[in-house]
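Read through the structure below, which is laid out as structure tokens, and then see the notes.
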Amino acid sequence: MKRHLKVIAPSPFAGREKILEIRGLGKRFESNGRLLKVLDQVDFTVGEGEFICILGRSGCGKTTLLNILAGFIPPTAGEVLLRGRPVSGPGPDRCVVFQEDALFPWLTVEENIAFGMRGPKQAVKDEVEHFLSLVGLTEFRSYLPREISGGMKQRVALARVLILRPALLLMDEPFAALDAQARQGMQNLLLSLWAKFAHTILFVTHDVGEAVKMADRILLMDGDTGSIREEIPVHLARPREKDSVGFLRLLRHLMERL
Amino acid sequence: MFGRIRRESPFACAQAWVIPGIMASLWFALSQTGAVPQYLLPHPLEVIRAGHSYLLGSPGETPYAGRFYSDLCSSLMRVFLGFTFALAVGIPAGIMSGRIPAVNRLLSNTVNGIRAVPGICWLPLAMVWFGIGMKTTVFLVALAAFFPIYLNTAAGARQVNPLHYRAGAMMGVTRIRGIFAILLPASMPQIITGLRLGLGIAWAYLVLGELTGVPDGLGAVIMDARMLGRIDMIVVGIVLIAGIGRVSDLLLYHAMRLLFRSARRTA
């Protein structure tokens with residue numbers, strides 16, 4: 001039996017502490033004198049330890065939403081509360097795994113993982129060691145990013161933020177650029193790490209199968225209105241079988257709605 | 001598999017000497033057949049003899065005998081001082097102008113205007129300001145070396161991947177630490193290019209500064225030899241400056257690689 005087998009909860013949110021609250025969030029961009037409404041009236045709440053997938057077509061504002069949550073850009077309306085406190089600016093309590101390669105090319109794998117760490121040298125070294133083995137890169141510790149594969153790079157990107165124990169892990173289509181096999185490996189790795197650390201994860205994707213496989217709850221984004229069209233709790237037992245009836249039924253439902 | 005260790009084969013090393021070798025052979029052949037008269041281009045053996053005496057002769061033997069080391073020291077000192085000034089101003093100014101649009105707007109007219117003025121135009125003014133010798137030469141060297149350092153550093157700082165800043169910010173890197181942890185390492189390839197170009201032009205302006213009648217230095221020797229009609233010594237001076245310029249470029253490149261891991265890994 002896999003470690004990350006979880007009991008089916010009647011509602012994934014039930015009994016969880018509220019960690020993230022998003023109220024009336026809006027974002028407009030002005031370009032060439034035209035007003036572009038990307039997000040409008042986005043409201044949702046995330047519970048401690050929940051795995052949320054934000055699903056939507058490309059260009060529907062998913063990344064903008066994530067950038068606001070990370071504090072990279074300010075919203076034009078509404079607010080983001082993390083444990084009751086408003087978010088302003090980026091910080092190590094909300095870490096991002098980017099879609100593209102964002103590792104520092106002049107640092108080795110282990111130096112990249114240690115980048116955000118502070119504290120006594122030995123403690124940092126032990127932590128880095130631990131996370132290197134968690135993502136299976138111990139042998140590649142002294143390699144530079146340009147010398148490893150795309151999948152390995154995303155494992156480094158994951159390790160360098162997990163090591164900071166963020167309250168919220170934001171992931172922006174992190175596996176979209178990988179081949180099918182590497183993507184599946186990364187999904188399983190993420191799920192097992194999630195089972196171990198019980199992070200709260202906000203995972204942006206346009207891949208319906210990925211959302212059904214990973215999420216406790218799926219938020220369906222609507223590109224036309226820039227808001228969340230539907231919230232779908234996923235009551236499937238983990239690990240999820242890709243050809244089970246429940247999986248396929250949910251997949252079909254989401255395909256129709258997307 | 002990953003090209004970690006890259007040793008060049010002896011054949012590849014020899015390639016670097018193909019063109020100098022051809023030039024030397026051509027020179028030798030032209031002189032040997034008498035196709036080029038001695039007063040235009042002296043025979044290589046003449047030049048080697050003059051160079052030998054300049055480098056290794058005892059002082060007083062001939063006009064230039066044994067002067068090399070004192071000339072070299074004076075010239076190196078001037079290049080070193082001028083280049084250090086250029087670097088100390090050029091890198092911080094480049095970083096600021098690359099990152100802060102207001103600084104860029106503030107500096108762009110002035111820098112690019114002054115850059116368009118040929119160095120030789122500064123010579124009379126520098127001589128009036130600083131007199132003949134050390135200060136004038138250092139001023140010219142610093143002025144000339146500043147522009148490539150500044151411009152390349154600014155270009156490097158401007159092109160830093162914004163994703164790296166975001167990554168740094170989310171991992172709790174402050175602005176000041178970000179300069180040393182992200183900005184400088186990310187701009188390192190361009191900074192090194194700027195420094196190498198700057199050092200190259202520093203040697204050119206050294207000679208210009210030393211042509212004004214200073215008693216010592218490699219440029220002074222060339223000027224002096226011209227007055228005395230010693231073409232062989234002019235060629236010795238040219239070959240020496242070429243050699244020293246190349247060696248100083250290699251030293252700079254390897255010193256940067258030794259000092260900064262970002263230089264080692266990305267430049």
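Letters A, B, ... are given to chains in the order of the sequence lines, protein chains preceding strands, and every chain is numbered from 1.
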_Portion of A:Arg118 that has a non-hydrogen atom of chain B nearer than 4.5 angstrom_ = side chain
*asked:* Would you say that B:Arg261 contacts A:Glu111 through its side chain, given a criterion of any heavy-atom pair below 4.5 Å between the two side chains?
replied: yes
_Using a 6.0 Å distance limit plus a 45 degree cone around the ring axis, check whether B:Arg177 lies over the aromatic ring of A:Phe115._
yes
*In terms of heavy-atom contacts, does CZ of A:Phe44 have more than 12 from other residues, nucleotides or ligands at under 6.0 Å?*
yes
*Could you tell me which of B:Gly168, B:Ser262, B:Pro185 has the largest number of non-hydrogen atom pairs under 4.5 Å with chain A?*
B:Pro185
*Would you call the rings of A:Trp106 and B:His164 parallel, tilted or perpendicular, where under 30° means parallel and over 60° means perpendicular?*
perpendicular
*Is it the case that more than 12 heavy atoms not belonging to B:Phe130 sit under 6.0 Å from its CZ atom?*
yes
*asked:* Counting only heavy atoms from other residues, nucleotides and ligands, does the tally under 6.0 Å from CD1 of B:Ile19 exceed 12?
replied: no
*Let me know if A:Asp101 has heavy atoms under 4.5 Å from chain B in its side chain, its backbone, both or neither.*
backbone
*Are B:Arg166 and A:Val96 close enough that some pair of their side-chain heavy atoms sits under 4.5 Å apart?*
no
*If we only count heavy atoms from C-beta on, is the A:Arg94 to B:Met170 side-chain gap below 4.5 Å?*
no
*Within 6.0 Å of CD1 in B:Ile100, more than 12 heavy atoms from elsewhere*: yes
*Grab the two heavy atoms, one from B:Ala167 and one from A:Ala102, that are nearest each other, plus how far apart they are.*
CB-O, 4.2 Å
*Flag if over 12 foreign heavy atoms under 6.0 Å of CG, B:Leu259*: yes
*Proximal component of A:Leu107, with respect to chain B [non-hydrogen, under 4.5 Å]*: both
*For each of A:Gly91, A:Gly116, A:Ala70, tally heavy-atom pairs with chain B at distances under 4.5 Å, and name the one with the top tally.*
A:Gly91
*asked:* Under a 4.0 Å threshold between the charged nitrogen and the carboxylate oxygen, would B:Arg265 count as salt-bridged to A:Glu147?
replied: no
_Contact origin within B:Ala263 toward chain A - heavy atom pairs under 4.5 Å_ = neither
*asked:* With rounding to the nearest 0.5 angstrom, report the CZ to CG distance, A:Phe104 to B:Leu163.
replied: 9.0 Å
*Go through the atoms of A:Ile73 and report whether side chain, backbone, both or neither lie under 4.5 Å from a heavy atom of chain B.*
side chain
*Verify the neighbour count for atom CZ of A:Arg28: are there more than 12 heavy atoms of other residues, nucleotides or ligands below 6.0 Å?*
no
